[in-house]
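Data first, discussion second: the structure below is written as structure tokens.
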Amino acid sequence: MADHEEVVVADAQELGSVLGCSEDVLADLQNSGVLAPYGEAWNVGPAREYLRDAAWADEVWY
């Protein structure tokens with residue numbers, strides 16, 4: 001289960017810094033429902049888990 005970790009950011013670039021990914025990846029995460037805004041705050045827990053798992057899978061399958 002994903003941890004709830006909310007952050008308040010000014011823009012997509014800042015949110016990308018928090019998660020360590022590009023704005024294109026952020027858009028994909030938003031479109032797939034992994035990353036959802038709650039007003040000014042963003043729950044980044046599920047997105048961090050998704051990015052961690054994706055990075056792990058890439059390392060394993062090389």
Side-chain angles (χ1 to χ4, degrees):
M1 171 93 58
D3 291 330
H4 293 286
E5 181 181 346
E6 292 188 0
V7 296
V8 177
V9 295
D11 57 26
Q13 183 177 6
E14 192 174 6
L15 184 57
S17 277
V18 169
L19 291 172
C21 63
S22 70
E23 290 182 38
D24 292 337
V25 172
L26 288 176
D28 289 341
L29 292 172
Q30 288 174 321
N31 291 337
S32 65
V34 174
L35 182 62
Y38 297 98
E40 296 277 322
W42 292 78
N43 180 9
V44 296
R48 283 193 177 173
E49 287 186 2
Y50 177 87
L51 293 169
R52 180 201 62 220
D53 293 348
W56 179 82
D58 283 344
E59 291 292 319
V60 168
W61 297 115
Y62 273 118

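What's counted below: heavy atoms across the whole structure, side chains too, no hydrogens, waters or symmetry copies.
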Requested in this report: Calculate, to the nearest 0.5 Å, the distance between atoms CG and SG belonging to L26 and C21 respectively.
Outcome: 4.0 Å
Query raised in the report: Can you tell me if CD on Q13 sees more than 12 non-hydrogen neighbours from other groups inside 6.0 Å?
Result: no
Report task. Measure across L29 and A47 and return the closest heavy-atom pair with its distance rounded to 0.1 Å. Result -> CD1-CB, 4.1 Å
Report summary line: All heavy atoms of L19 vs all of R48, minimum pair found to be CD2-CG, 3.3 Å
Requested in this report: Could you check if a side-chain atom of V25 sits within less than 4.5 angstrom of a side-chain atom of L51, using non-hydrogen atoms only?
Outcome: yes
Requested in this report: Would you mind reporting whether L15 and V44 have side-chain heavy atoms less than 4.5 Å apart?
Outcome: yes
